[in-house]
Amino acid sequence: MHRLTALLCTGLLASGPAFAHASGDAGEAGVERAFLIALIAALVAGAIFYARGVAALWRKAGVGRGVRRAEAASFVAGWAVLAASLLSPIDSFADRSFALHMVQHELLMVVAAPLIVLGRPLEAWTWAASAAAQRWFAAAAKWPTVQTIGALTMLPLGAWVLHALALWVWHLPPFFSAALRSPLLHILQHASFFGSALAYWWSVFGGRARRPKGSAIASLFTTMLHTSALGALLTFAPSPWYAGNEARAFGLSALEDQQLGGLIMWVPGGMAFMIAGLAIIGRWLAPARRTAKA
């Protein structure tokens, strides 16, 4: 396992510079490289700890108990999408295309985040942690500050507000353009999108209980409305919102590129919330169907 980890890290680091954003400043290049190394280390560590935790849980409770096979597959798929969105050529070309930038953001927020949440990562990582670490995390969860942060970010209303703010604030022209110019702000932008999306989907899918309530449907519906509104504003804007990104991919003008990005947020992005809502309703109806058949 350790040899495989070392080999994987070496390979990713070797290919990493090909995916880094072009930068003419040595300081900015250093920031991007440090972030790349930290990102690769986090992705590899998270995958390994998840595998170790699931293996330990299944040895104790039986294969498919605690974390089902489908949930493990969901985590693997979400983790792969997360890695692809941040380490593949999508990240490089996103600097020259607002539409690809939007594809990257949608992959982070409406594909990777919900798949990872459905994979029960906290349960798996808990089983991978040592007994001392488990006791420390259990004690830390009772700290007032941690409980306050949890209430603001993991409960439905707090998670909804946090995710909505991340979306709308970062798409305001001054903030979006600043993130294009600054590697640190760009990293903060991605972290805000992904982190708020994790909190949001955690609140939707019910957290530990995994029993979504009616508030989940309301959250999905209203989020679909406001993200579709943002996508429509980007699509029908009479002029480009964002300056400082003159080089455009695919031969599109700045306005055409923005319109394509708006459509991506509006249509495929909106459908993700609709699919999640239908899945929740289908789960609610499943017991009734089994009872009716009996």
Side-chain angles (χ1 to χ4, degrees), residues 15-40 42-43 81-113 162-198 226-227 229-266 268-269:
S15 61
F19 303 140
H21 297 170
S23 176
D25 184 83
E28 291 181 353
V31 169
E32 291 181 343
R33 184 165 181 80
F35 171 71
L36 178 66
I37 293 172
L39 173 63
I40 292 170
L43 287 170
V81 171
L82 175 61
S85 64
L86 295 175
L87 296 175
S88 75
I90 292 175
D91 188 56
S92 298
F93 285 109
D95 279 354
R96 294 186 288 144
S97 170
F98 177 80
L100 275 180
H101 216 132
M102 190 62 69
V103 168
Q104 184 183 39
H105 293 166
E106 293 301 298
L107 287 174
L108 287 172
M109 292 186 290
V110 301
V111 181
L162 180 69
H163 191 45
L165 283 175
L167 276 169
W168 283 87
V169 169
W170 279 114
H171 282 96
L172 293 174
F175 291 100
F176 194 93
S177 299
L180 288 176
R181 296 190 299 268
S182 169
L184 282 175
L185 285 179
H186 202 180
I187 292 168
L188 179 60
Q189 181 191 61
H190 284 175
S192 299
F193 285 150
F194 184 61
S196 67
L198 285 176
H226 80 73
T227 56
L230 178 56
L233 287 173
L234 290 165
T235 301
F236 293 113
S239 60
W241 285 11
Y242 309 113
N245 192 9
E246 301 301 330
R248 300 287 167 177
F250 315 119
L252 299 175
S253 68
L255 181 57
E256 291 169 336
D257 189 31
Q258 177 179 301
Q259 290 171 339
L260 179 57
L263 280 173
I264 290 169
M265 172 181 277
W266 187 359

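Under the 4.5 Å side-chain criterion, counting only non-hydrogen atoms from C-beta, Leu233 is in contact with Trp241. Counting only heavy atoms from C-beta outward, the side chains of Met102 and Leu263 never approach each other to under 4.5 Å.
At distances below 3.5 Å, not a single donor-acceptor pair connects side-chain atoms of Glu106 with backbone N or O atoms of Val103. Of the possible donor and acceptor atoms, one in the side chain of Gln258 sits under 3.5 Å from a partner among the backbone N and O of Leu234. Remark: the backbone N or O of Gly231 is paired with a side-chain donor or acceptor of Thr235 at under 3.5 angstrom.
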Give the C-alpha distance, both sets of side-chain angles, the deciding distance and a yes or no for side-chain contact (heavy atoms from CB on, under 4.5 Å) between Trp170 and Leu188.
CA-CA 10 Å; Trp170 279 114; Leu188 179 60; 3.8 Å; yes
Start with the C-alpha gap between Thr227 and Val110, add the side-chain angles, then the distance that decides, and say whether side-chain contact (heavy atoms from CB on, under 4.5 Å) holds.
CA-CA 11 Å; Thr227 56; Val110 301; over 6 Å; no
Applying side-chain contact (heavy atoms from CB on, under 4.5 Å) to Leu87 and Asp91, what does each step give before you reach the verdict?
CA-CA 6 Å; Leu87 296 175; Asp91 188 56; over 6 Å; no
Determine, stepwise, if the pair Leu252 / Gln259 fulfils side-chain contact (heavy atoms from CB on, under 4.5 Å).
CA-CA 10 Å; Leu252 299 175; Gln259 290 171 339; over 6 Å; no
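Aromatic ring centres of His163 and Phe193: separated by at least 6.0 Å.
Atom-to-atom distance recorded for Leu100:CG and Leu260:CG is 8.5 Å, nearest 0.5 angstrom. Here the straight-line distance linking atom CZ of Phe175 with atom CD of Gln189 works out to 11.5 Å at 0.5 Å rounding. We find the CG-CG distance between Leu36 and Leu86 to be 10.0 Å, quoted to the nearest 0.5 Å. Between Ser196 atom OG and Leu108 atom CG the span is 10.0 Å, to the nearest 0.5 Å. With rounding to the nearest 0.5 angstrom, the OG atom of Ser192 is 12.5 Å from the CZ atom of Phe194. For the atom pair OG (Ser177) and CG (Leu185), the distance works out to 11.5 Å, reported to the nearest 0.5 Å.
Summarising the geometry of Asp257 relative to Arg96, their closest heavy-atom pair is OD2-O, 4.4 Å, with the distance given to 0.1 Å. Counting all heavy atoms, side chain and backbone alike, Ser239 lies closest to Leu255 at C-CD1, 3.8 Å.
Ring-plane geometry between Phe98 and His171 is classed as perpendicular, the angle between the planes exceeding 60 degrees on a 0 to 90 degree scale with a lower cut at 30. Ring orientation note: the planes of His105 and His190 are nearly perpendicular, at an angle over 60° on the 30°/60° scale. Note on ring orientation: taking the six-membered ring where Trp is involved, the planes of Trp168 and His226 are tilted (angle from 30° to 60°).
When the side-chain hydrogen bond (donor to acceptor under 3.5 Å, both in side chains) test is applied to Ser85, no partner is found at least two apart in sequence or on another chain.
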